[in-house]
There are 2 protein chains.
Amino acid sequence: MTTYAPAEASERTGLSLDTLRYYERLGLFGPVRRTSAGRRVYSDHDVAWVGLLVCLRNAGLGISDLQRLMGRLRDRSGGPTGVVELLEEHRSRLHGEIAKMNVALDVLDDKIAHYRGAADQSKK
Amino acid sequence: MTTYAPAEASERTGLSLDTLRYYERLGLFGPVRRTSAGRRVYSDHDVAWVGLLVCLRNAGLGISDLQRLMGRLRDRSGGPTGVVELLEEHRSRLHGEIAKMNVALDVLDDKIAHYRGAADQSKK
DNA sequence: CTGCGACCTGGAGTGCACTCCAGGTCAACT
DNA sequence: AGTTGACCTGGAGTGCACTCCAGGTCGCAG
């Protein structure tokens, strides 16, 4: 199993060292292994998981959402049922967000057409 | 031309009175008319414009983006060329955001399938 | 053995977008 | 005339998600 020094993990995930440590403190990903001297050693599993976190954050989920998700994953009392529900909930929320964005896009298109067309007139 | 008291403008735009005043202070929309006593009187033009602002904010544009847009609209030295460009730039950025979201959606779908399928096993 | 650079910690600081507050004004109702 | 409620102002406070910092440790190159 490949492992990564902090700098390399940072590079691969696109997060700063600080943010990586911050996420870890918040419990967003597993206890990272350490060398005897206390330096972090990230596994590729860690890196992959952080990749997912970044993805979800890009998708607009907040830190607390991710924490809840981790909570569900950790204490899987009664199987991972809760996890699926949580993910699906976010999935539909995401669809909502995309819909909103598309509305905004349409409005933008309208405005662009308006300004391109009626270039110099004052008001209608 | 219809006009609105602050409370009504708030209701119609979905923004709080505070936020409305905040946006006005930042110059995101025109100088609002006042009564002799200093109370604001919003025109329907104001309300419509704020609607657009809300839309763009929903779409992920920051306050500074909106300020730049207003700047372009106000001093139209050389026509509204800058405005169109700015809107189109944001349009393509929006497309990018939507793409990102779709990626996140796909990843989510994968995870959902994974957790629904391999419900109880430890690791692969 | 001395530097150097990468890393560690806890805690303070930052930027954004609001949101709240105290203290005051005004118009209308009773 | 007094009370109420919507509104005003400038400025302070909030929550989020980082980001920076001081002061310290470790391992290796020269």
Side-chain angles (χ1 to χ4, degrees), chain A residues 3-43 46-47 49-70 90 93 97 100 104, chain B residues 3-43 46-47 49-70 90 93 97 100 104:
Chain A
T3 60
Y4 307 93
E8 207 176 347
S10 162
E11 202 175 333
R12 282 182 189 256
T13 59
L15 297 180
S16 70
L17 293 177
D18 273 325
T19 303
L20 237 24
R21 288 193 283 255
Y22 172 64
Y23 280 12
E24 187 186 346
R25 261 214 302 280
L26 298 184
L28 296 191
F29 65 104
V32 176
R33 255 185 309 154
R34 304 293 189 109
T35 66
S36 54
R39 273 91 195 283
R40 287 175 181 78
V41 180
Y42 297 92
S43 70
D46 288 331
V47 169
W49 179 258
V50 172
L52 175 60
L53 291 178
V54 170
C55 222
L56 295 176
R57 289 252 52 238
N58 279 340
L61 302 200
I63 295 291
S64 57
D65 294 320
L66 300 181
Q67 281 178 316
R68 227 170 303 135
L69 197 144
M70 282 308 291
H90 289 320
R93 189 179 312 187
E97 290 296 311
K100 257 198 214 162
Chain B
T3 60
Y4 308 93
E8 207 177 346
S10 163
E11 203 176 330
R12 282 181 189 257
T13 58
L15 297 180
S16 70
L17 292 177
D18 272 327
T19 304
L20 237 24
R21 288 194 282 256
Y22 173 64
Y23 279 13
E24 187 186 347
R25 260 214 301 282
L26 298 183
L28 297 190
F29 66 104
V32 176
R33 255 183 311 152
R34 305 294 188 108
T35 65
S36 54
R39 274 92 193 283
R40 286 175 182 79
V41 179
Y42 296 93
S43 69
D46 287 332
V47 170
W49 180 257
V50 171
L52 175 60
L53 291 178
V54 169
C55 220
L56 295 176
R57 288 253 52 237
N58 278 341
L61 302 199
I63 296 291
S64 57
D65 293 321
L66 300 182
Q67 282 178 314
R68 228 169 304 134
L69 197 144
M70 282 308 290
H90 288 320
R93 189 180 311 187
E97 290 296 311
K100 259 196 214 164

Under the side chain to side chain contact (heavy atoms under 4.5 Å, CB included) rule, collect the residues that match up with Thr19(A), sequence neighbours excluded. Leu15(A), Ser16(A), Tyr23(A)
Hits for side chain to side chain contact (heavy atoms under 4.5 Å, CB included) against Leu17(B), two or more places apart or cross-chain, chain-then-number order -> Pro6(B), Ser10(B), Arg21(B)
Listed by chain and number, what are the side chain to side chain contact (heavy atoms under 4.5 Å, CB included) partners of Glu8(B), not counting sequence neighbours? Tyr4(B), Arg12(B)
Donor-acceptor pairs under 3.5 Å, side chain of residues 34-43 of chain A to any protein atom, not counting sequence neighbours: which ones?
unit_1	atom_1	unit_2	atom_2	d
Arg34(A)	NH1	Gly38(A)	O	2.7
Thr35(A)	OG1	Ala37(A)	N	3.2
Thr35(A)	OG1	Gly38(A)	N	3.4
Thr35(A)	OG1	Arg39(A)	N	3.1
Arg40(A)	NE	Glu24(A)	OE1	2.6
Ser43(A)	OG	His45(A)	N	3.3
Ser43(A)	OG	Asp46(A)	N	3.0
Ser43(A)	OG	Asp46(A)	OD2	3.3

I need a per-nucleotide contact map over nucleotides 8-24 of chain D, read 5' to 3'. Cutoff is protein heavy atoms under 4.0 Å; write B for the base, S for backbone only, - otherwise. SB-------BBSB----
Who pairs with Arg33(A) by salt bridge (charged side-chain N to carboxylate O under 4.0 Å, His left out), at least two apart in sequence or on another chain? none
Once you round it to whole Å, what is the distance between P of dC7(D) and CG of Leu20(B)? 11 Å
